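This structure is a prediction, so every number in the text was calculated from the model and none was measured. Protein chains get the first letters and strands the later ones, always in sequence-line order, with residue 1 at the start of each.
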Number of protein chains: 2
Amino acid sequence: MDNSILIGEKPFMNYVTGVVMQFTSKGASEVIVKARGKFISRAVDVAEVTRNRFLHDIDVKDIRISSEEFESEGKPVRVSNIEITLSKRS
Amino acid sequence: MDNSILIGEKPFMNYVTGVVMQFTSKGASEVIVKARGKFISRAVDVAEVTRNRFLHDIDVKDIRISSEEFESEGKPVRVSNIEITLSKRS
């Protein structure tokens, strides 16, 4: 079962609702909030708003950052990634 | 000794150079890259570029996210923070 949510440019609350629903309706014990590039700040906001305003029994279990390299128009491009693992307190 | 670097809107490489110098010229064993709000993505980029392009003996030791709440024009405002601790491999 994939409990990950990729943050992009949809309305902010869509993502928060998505995370909340994974924990509540779908009974997930962990949800991974993922983003790349400029959406990384937003992923942190989604995690923080979920934890502080909606679900108070959620901890940040792990945060990983990494780089992805690819070619664009013949030039090497590097983009950062983040994965924030949110976990339900047991 | 405070080995932290706060990421803002200066040119990107200023921050990378700042982190590299803390490790090399100043002999720091750890450097904390901090940012808030929209600069969080940039902090991740600074950490990743430092590790991947400049100093290959640096690990991400810890990443913390948090929220700061304050009032602006009478309204409550929440802003996210990140602290990325980079550590020299021993």
Side-chain angles (χ1 to χ4, degrees), chain A residues 4-9 11-13 15-16 19-20 30-72 75-87 89, chain B residues 4-9 11-13 15-16 19-20 30-72 75-87 89:
Chain A
S4 70
I5 289 186
L6 180 65
I7 307 304
E9 53 199 1
F12 183 75
M13 285 306 297
Y15 299 109
V16 174
V19 176
V20 170
E30 282 188 11
V31 176
I32 306 177
V33 179
K34 298 182 181 186
R36 44 162 77 158
K38 66 177 179 175
F39 294 114
I40 289 175
S41 306
R42 227 169 175 222
V44 173
D45 285 337
V46 167
E48 283 295 298
V49 167
T50 302
R51 266 173 8 106
N52 293 315
R53 301 241 172 103
F54 293 91
L55 301 173
H56 298 287
D57 59 344
I58 299 297
D59 291 321
V60 176
K61 186 184 171 191
D62 190 34
I63 304 176
R64 276 159 206 242
I65 59 174
S66 59
S67 292
E68 215 174 299
E69 315 246 1
F70 53 91
E71 257 193 27
S72 174
K75 287 182 185 172
V77 175
R78 195 203 55 79
V79 68
S80 300
N81 287 277
I82 197 166
E83 293 190 11
I84 305 169
T85 305
L86 298 175
S87 172
R89 218 169 290 153
Chain B
S4 70
I5 289 186
L6 180 64
I7 306 304
E9 53 199 1
F12 181 76
M13 284 306 297
Y15 299 109
V16 175
V19 175
V20 170
E30 283 189 11
V31 176
I32 306 177
V33 179
K34 298 182 180 185
R36 45 162 75 156
K38 67 176 178 174
F39 294 114
I40 288 175
S41 307
R42 228 169 174 222
V44 173
D45 286 336
V46 168
E48 283 295 297
V49 168
T50 303
R51 262 169 15 102
N52 294 315
R53 301 241 173 103
F54 293 92
L55 300 173
H56 298 287
D57 59 344
I58 300 296
D59 291 320
V60 175
K61 187 184 169 192
D62 191 34
I63 304 175
R64 276 160 206 243
I65 59 175
S66 58
S67 291
E68 215 174 298
E69 314 246 2
F70 53 90
E71 258 193 25
S72 174
K75 287 182 185 171
V77 176
R78 193 202 56 79
V79 68
S80 301
N81 287 276
I82 197 166
E83 293 191 10
I84 304 168
T85 305
L86 298 176
S87 172
R89 219 169 289 153

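Of all the listed residues (B:I82, B:V79, B:I84, B:I40), the one sharing the greatest number of non-hydrogen pairs under 4.5 Å with chain A is B:I40.
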### Chi angles and distances behind the side-chain hydrogen bond (donor to acceptor under 3.5 Å, both in side chains) call for A:S67, A:S80
CA-CA 4 Å; A:S67 292; A:S80 300; 4.8 Å; no

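Among residues 44-53 of chain B, the residues having any heavy atom closer than 4.5 Å to a heavy atom of chain A are, in sequence order, B:V44, B:D45, B:A47, B:E48, B:V49, B:R51, B:N52, B:R53.
When the shell of 6.0 Å around CD of B:E9 is examined, it contains 12 or fewer heavy atoms from other residues, nucleotides or ligands. Other residues, nucleotides and ligands place no more than 12 heavy atoms under 6.0 Å from the CZ atom of B:R64.
Taking CD from A:E83 and CD1 from A:I32, the interatomic distance works out to 6.0 Å, rounded to the nearest 0.5 Å. Atom NZ in A:K34 sits 11.5 Å away from atom CD1 in A:I7 (nearest 0.5 Å). Here the straight-line distance linking atom CG of B:N81 with atom CD1 of B:I65 works out to 10.0 Å at 0.5 Å rounding.
With a 4.5 angstrom heavy-atom cutoff, A:D62 does not touch chain B via any of its atoms.
The residues B:E30 and B:K61 are annotated as salt-bridged, a charged nitrogen and a carboxylate oxygen being separated by less than 4.0 angstrom.
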